[in-house]
Participant: 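Got a structure for you, written out below as structure tokens; questions coming shortly.
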Amino acid sequence: MTDAASPALSLSPPDEPPVGRMIAMPADTNPEGDIFGGWLLAQMDLAGSSPAFNLARGRCATVAVDSMVFHQPVSVGDEVSIYATVIRTGRTSIGVRVEAWKRGRGLDEMVRVTEGVFTYVAIDENRKPRPLPEPA
């Protein structure tokens, strides 16, 4: 876990609207009472797939989590906002940077809690890789 005073955590959330926003619930906790990292990873994968689907104009599959860093824990009741930006494309693949930010109940300040890079591949009806469409 990164120290809270880290410069990487003093940044503001991205300017664009979040792809997803949810409230962390008690059912999503690990044995220590923090939100389970797997829950957050799943939310980030779902959010990251949104710009990938849009760019691919169709079905995609997650093929890799190229990097993942958990900076801060998420607590029950925190509002989690997830931002996703396409950072690279290949012939069939799309790399998406995904960041999760939390806001505690009744607070205005947002803190980046997790970031990662996910790779999606455009697939056809037979679940085989297909080329990305030409940009519009």
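For the numbers below, each heavy atom of this structure counts, side chains included, while hydrogens, waters and symmetry mates do not.
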Participant: Tell me every residue that passes salt bridge (Lys or Arg N to Asp or Glu O under 4.0 Å) with D66, counting only those two or more places apart in sequence or in another chain.
Facilitator: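 Applying salt bridge (Lys or Arg N to Asp or Glu O under 4.0 Å) to D66 gives R88.
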
Participant: Testing the basics here: between A122 and A56, what is the closest heavy-atom pair and its distance to 0.1 Å?
Facilitator: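 So the two residues come closest at CB-CB, 3.9 Å.
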
Participant: Does a side-chain heavy-atom distance below 4.5 Å link I82 with R21?
Facilitator: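 A side-chain contact is absent here, since even the closest heavy-atom pair is not under 4.5 Å.
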
Participant: Go through the steps to decide whether R105 and L107 satisfy the test side-chain contact (heavy atoms from CB on, under 4.5 Å), and finish with yes or no.
Facilitator: CA-CA 6 Å; R105 294 171 75 171; L107 302 176; over 6 Å; no

Participant: With side chain to side chain donor-acceptor pair (under 3.5 Å) as the rule and sequence neighbours excluded, what pairs involving residues 50-65 come up?
Facilitator: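 Non-adjacent pairs meeting side chain to side chain donor-acceptor pair (under 3.5 Å): D45-T62.
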
Participant: Nearest heavy-atom pair of A47 and A84: which atoms, and what distance?
Facilitator: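 Heavy atoms of A47 and A84 come nearest at O-CB, 3.8 Å.
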
Participant: How long is the straight-line distance from NZ of K128 back to OG1 of T92, given to the nearest 0.5 Å?
Facilitator: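 NZ of K128 is found 13.0 Å from OG1 of T92.
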
Participant: For the CG atom of D78 and the CD atom of Q72, what is their distance to the nearest 0.5 Å?
Facilitator: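 Answer rounded to 0.5 Å: 10.5 Å.
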
Participant: Could you check if a side-chain atom of V98 sits within less than 4.5 angstrom of a side-chain atom of V117, using non-hydrogen atoms only?
Facilitator: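 Sidechains of V117 and V98: no contact.
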
Participant: Without swapping roles, check the side chain of D124 against the backbone of N126 for a donor-acceptor pair under 3.5 Å.
Facilitator: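 Yes, D124 side chain to N126 backbone: donor-acceptor pair under 3.5 Å.
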
Participant: Does V69 reach the side chain of T114, with side-chain heavy atoms less than 4.5 Å apart?
Facilitator: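 With C-beta onward as the side chain, the pair stays apart.
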
Participant: Identify the residue among M22, M44, M110 that makes a side chain to side chain contact (heavy atoms under 4.5 Å, CB included) with V80.
Facilitator: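 The single option meeting the side chain to side chain contact (heavy atoms under 4.5 Å, CB included) with V80 is M22.
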
Participant: Indicate, with yes or no, if V65 and I94 share a hydrophobic cluster defined by side-chain heavy-atom contacts under 4.5 Å among Ile, Leu, Val, Met, Phe, Trp and Tyr.
Facilitator: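 Yes: a chain of side-chain contacts under 4.5 Å links I94 to V65.
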
Participant: Distance from F70 atom CZ to R112 atom CZ, nearest 0.5 Å?
Facilitator: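 Reported to 0.5 Å precision, the distance equals 14.0 Å.
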
Participant: Grab the two heavy atoms, one from V121 and one from P129, that are nearest each other, plus how far apart they are.
Facilitator: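 Here V121 and P129 meet closest at CG1-CB, 3.9 Å.
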
Participant: Side-chain heavy atoms under 4.5 angstrom apart, residues restricted to Ile, Leu, Val, Met, Phe, Trp, Tyr: same cluster for F118 and L55?
Facilitator: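 Same cluster: F118 reaches L55 through Ile, Leu, Val, Met, Phe, Trp or Tyr contacts under 4.5 Å.
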
Participant: Please report the closest heavy-atom contact between Y83 and P13, naming both atoms and the distance.
Facilitator: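 Nearest heavy atoms, Y83 then P13: OH-CB, 3.8 Å.
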
Participant: So, taking the atom named CD in E125 and the one named CZ in R130, what distance separates them when rounded to the nearest 0.5 Å?
Facilitator: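 Between E125 CD and R130 CZ, I get 9.0 Å after rounding to 0.5 Å.
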
Participant: What closest approach, in Å, do I123 and A61 show between heavy atoms, and which atom pair accounts for it?
Facilitator: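 Closest approach of I123 to A61, heavy atoms only: CD1-CB, 4.1 Å.
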
Participant: CZ/F36 to CG/L41 distance, rounded to the nearest 0.5 angstrom?
Facilitator: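 So the gap between those two atoms works out to 9.0 Å.
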
Participant: If every non-hydrogen atom of P73 is compared with every non-hydrogen atom of V113, which pair is closest and at what distance?
Facilitator: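 It is O-CG1, 4.2 Å.
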
Participant: Apply salt bridge (Lys or Arg N to Asp or Glu O under 4.0 Å) to R97 and list each qualifying residue two or more places apart in sequence or on a separate chain.
Facilitator: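 If we apply the salt bridge (Lys or Arg N to Asp or Glu O under 4.0 Å) test to R97, skipping adjacent residues, the hits are E99, E115.
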
Participant: Quick one: pull up OH in Y120 and OG in S49 and give me the separation to the nearest 0.5 Å.
Facilitator: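 OG of S49 is found 5.5 Å from OH of Y120.
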
Participant: Look at atom CD of E16 and say whether more than 12 heavy atoms of other residues, nucleotides or ligands are closer to it than 6.0 Å.
Facilitator: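 Count over threshold, so yes.
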
Participant: Kindly indicate whether the side chain of L40, heavy atoms from C-beta on, has any atom under 4.5 Å from the side chain of V74.
Facilitator: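 Of all side-chain heavy-atom pairs linking V74 with L40, at least one is under 4.5 Å.
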
Participant: Show your working on side-chain contact (heavy atoms from CB on, under 4.5 Å) between M25 and I23 and close with a plain yes or no.
Facilitator: CA-CA 6 Å; M25 300 299 285; I23 303 296; 4.0 Å; yes

Participant: With side chains defined as the heavy atoms from C-beta onward, is the minimum distance between T29 and D34 less than 4.5 Å?
Facilitator: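 Heavy-atom side-chain distance check fails, nothing below 4.5 Å.
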
Participant: Is there a side-chain contact between T85 and V96, using heavy atoms and a 4.5 Å cut-off?
Facilitator: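 Contact flag for T85/V96 side chains = no.
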
